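Since the structure comes first, as structure tokens, the remarks are kept for the end.
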Amino acid sequence: MPVLSIDAESETGIPKSLCDELPSETMEELEHTCPHPLSTTAAPAPFAVETSCQCKAPHERLTITQARVGTPADRPVRVYADGIFDVFHSGHARALMQAKNLFPNSYLLVGVCSDELTHKYKGFTVMNETERYEALRHCRYVDEIITDAPWTLTPEFLEKHKIDFVAHDDIPYSSAGSDDVYKHIKEAGMFVPTQRTEGISTSDIITRIVRDYDVYARRNLQRGYTAKELNVSFINEKKYRFQNQVDKMKEKVKNVEEKSKEFVYKVEEKSHDLIQKWEEKSREFIGNFLELFGPDGAWQMFQERSGRMIQALSPRQSPTSSPTRDRSPSRSPSPILPWMLNKSPPSSPKGASASISSMSEGDEDEK
């Protein structure tokens, strides 16, 4: 395909010298009427049969430099990306995002291979072709869907859809007896590489499902699918259902344990609060008690003031007798002598001694 250099002074992308030689009627017919990139996400991308390019202007393939510099609004760069897109995932979406953003003004066509070709060259798919078409239609980077895309791109196919560039990862794709089905596209200078997303692929997803087959079989049985729909034998069905019952019991026990832990935690939290409040109240009570009944408390002061008031209000009593000397309790009272009763002292020492002797005789008679 010849390469056409777009004249900056020409609005149609045709050399100005050629435009001057063409009549006005021809110029109107040569205006580009290719579909423009989608400007809304309110509707899915159309199929190629619904919006085939009817542009009558000659489609001259652009160079990489021309595409990167930018093209007129009515002449978008038509980029083609193809694939199986089974179990559509983020890796597919990222590849299409890269293809869409290769150039400033891009129109992304996505070719999806049919079930017949895919089963022949690659293997059985999880999703059928209709499901895969619909998955691609609802990707926001896609402007047009080409159904039943060829496994190997031919010049006729590229010309029919007016494709400027083909976007795919740069890893050689060996299939259909070829070491790289994109080899002729690369040699023609129409290949633009994209980067694969590591860690995600359709094969990886299917491997996970196969690896955890029992888990997903039990999951779907629990959700109401029959053993026949899951292609599960009678014995395996009973085994899976028993395992589901065991898992339910484990889940109940786990829930009880979690609730018990939650209850214990709440009790501990409330106990801590109660102990803290009790300590605060006890401190307050002890402080109030000491303030009232302590050495310097209000009660002691009240007693002292009451005693003072009682002493102030009660009169003092006068003494009834003269004070006496203290007597020793071991000292016996002095004997009363007879002459003391007569109130007259003895006239002589002899009389005194006689009286004393008579008192002693009297005492002996009493004995």
Side-chain angles (χ1 to χ4, degrees), residues 41-42 85-98 124-128 131-132 134-136 138-141 195-304:
T41 57
F85 302 105
D86 190 22
V87 190
F88 189 78
H89 52 74
S90 61
H92 295 141
R94 287 177 64 87
L96 297 176
M97 178 185 69
Q98 295 177 58
F124 194 75
T125 59
V126 177
M127 302 168 65
N128 60 42
E131 293 170 336
R132 292 185 283 117
E134 288 298 320
L136 266 298
H138 292 83
C139 178
R140 64 175 179 172
Y141 308 114
Q195 298 295 324
R196 291 179 64 90
T197 301
E198 297 297 332
I200 183 71
S201 68
T202 300
S203 298
D204 291 341
I205 295 174
I206 294 175
T207 300
R208 295 180 207 171
I209 297 173
V210 173
R211 180 187 61 199
D212 301 326
Y213 169 78
D214 289 353
V215 175
Y216 294 113
R218 289 166 51 192
R219 169 182 177 270
N220 282 7
L221 281 174
Q222 192 172 3
R223 294 192 173 189
Y225 287 87
T226 63
K228 184 178 181 180
E229 291 173 327
L230 297 174
N231 195 25
V232 174
S233 65
F234 177 80
I235 296 176
N236 285 336
E237 179 189 5
K238 298 303 178 184
K239 181 183 73 173
Y240 293 150
R241 293 192 183 280
F242 176 75
Q243 290 175 343
N244 286 337
Q245 294 297 327
V246 173
D247 289 345
K248 286 182 179 180
M249 292 299 298
K250 289 181 179 179
E251 188 68 23
K252 288 182 179 179
V253 172
K254 184 179 179 181
N255 292 335
V256 171
E257 289 179 352
E258 290 178 354
K259 290 181 179 179
S260 300
K261 290 180 181 178
E262 185 178 356
F263 175 76
V264 171
Y265 175 77
K266 289 182 178 180
V267 171
E268 289 179 352
E269 188 176 8
K270 289 183 178 180
S271 300
H272 179 73
D273 293 341
L274 290 174
I275 292 172
Q276 188 175 2
K277 290 180 180 179
W278 181 83
E279 289 179 350
E280 292 176 357
K281 293 293 183 182
S282 63
R283 291 193 192 100
E284 183 180 356
F285 174 78
I286 293 171
N288 293 336
F289 182 84
L290 293 176
E291 184 179 355
L292 182 61
F293 298 102
D296 299 328
W299 179 252
Q300 186 68 21
M301 295 175 64
F302 174 76
Q303 284 184 332
E304 292 178 358

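Worth knowing before you read on, the calculation uses all heavy atoms, side chains too, and leaves out hydrogens, waters and symmetry mates. If you read the sequence from its start, that first residue is 1, and numbering goes on from there. This structure is a prediction, so every number in the text was calculated from the model and none was measured.
Remark: H89 engages H92 in a ring-ring contact (aromatic ring centres under 6.0 Å, His included) (not counting sequence neighbours). Remark: E279 pairs with R283 by the salt bridge (charged side-chain N to carboxylate O under 4.0 Å, His left out) rule, at least two apart or across chains.
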Inset, instruction - Please step through side-chain contact (heavy atoms from CB on, under 4.5 Å) for the pair V232 and Y213, ending with a clear verdict. - result: CA-CA 11 Å; V232 174; Y213 169 78; 3.6 Å; yes

Inset, instruction - Could you walk me through whether K239 and Q243 pass the side-chain contact (heavy atoms from CB on, under 4.5 Å) test, one step at a time? - result: CA-CA 6 Å; K239 181 183 73 173; Q243 290 175 343; 3.9 Å; yes

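Scanning all heavy atoms of the two residues, the minimum distance from Y141 to L96 falls at CB-O, 4.0 Å. Minimum heavy-atom separation, R241 to L221: NH2-CD2, 3.8 Å. The heavy-atom pair separating R208 from G199 by the smallest distance is NH2-O, 4.1 Å. In terms of heavy atoms, A217 sits closest to L230 at O-CD1, 3.6 Å.
If you take CG on N128 and CD on E134, they are separated by 10.5 Å, rounding to the nearest 0.5 Å. Distance NZ/K270 to NZ/K277: 10.5 Å, rounded to 0.5 Å. Annotation: the span from L136 atom CG to R132 atom CZ amounts to 9.0 Å, rounded to 0.5 Å. M249 contributes atom CE, which lies 9.0 Å from atom CD of Q245 (distance to the nearest 0.5 angstrom). Atoms CD and CD, on E258 and E251 in that order, are 7.5 Å from each other to the nearest 0.5 Å. If you take CD1 on I286 and NZ on K281, they are separated by 14.0 Å, rounding to the nearest 0.5 Å.
Not one N or O on the side chain of T125 forms a donor-acceptor pair closer than 3.5 Å with the backbone of D86.
Using a cutoff of 4.0 Å between basic side-chain nitrogens and carboxylate oxygens, K261 and E257 are not scored as salt-bridged.
In the displayed structure, Q195 atom CD is contacted under 6.0 Å by at most 12 heavy atoms of other residues, nucleotides or ligands. Summarising the local packing, CZ of F242 is surrounded by 12 or fewer heavy atoms from other residues, nucleotides or ligands at distances under 6.0 Å. Annotation for L274: atom CG counts as buried by contact number, over 12 foreign heavy atoms lying within 6.0 Å. Counting non-hydrogen atoms of other residues, nucleotides and ligands closer than 6.0 Å to CG of N255 gives a total above 12.
For the pair Y240 and N220, the minimum side-chain heavy-atom distance is 4.5 Å or more.
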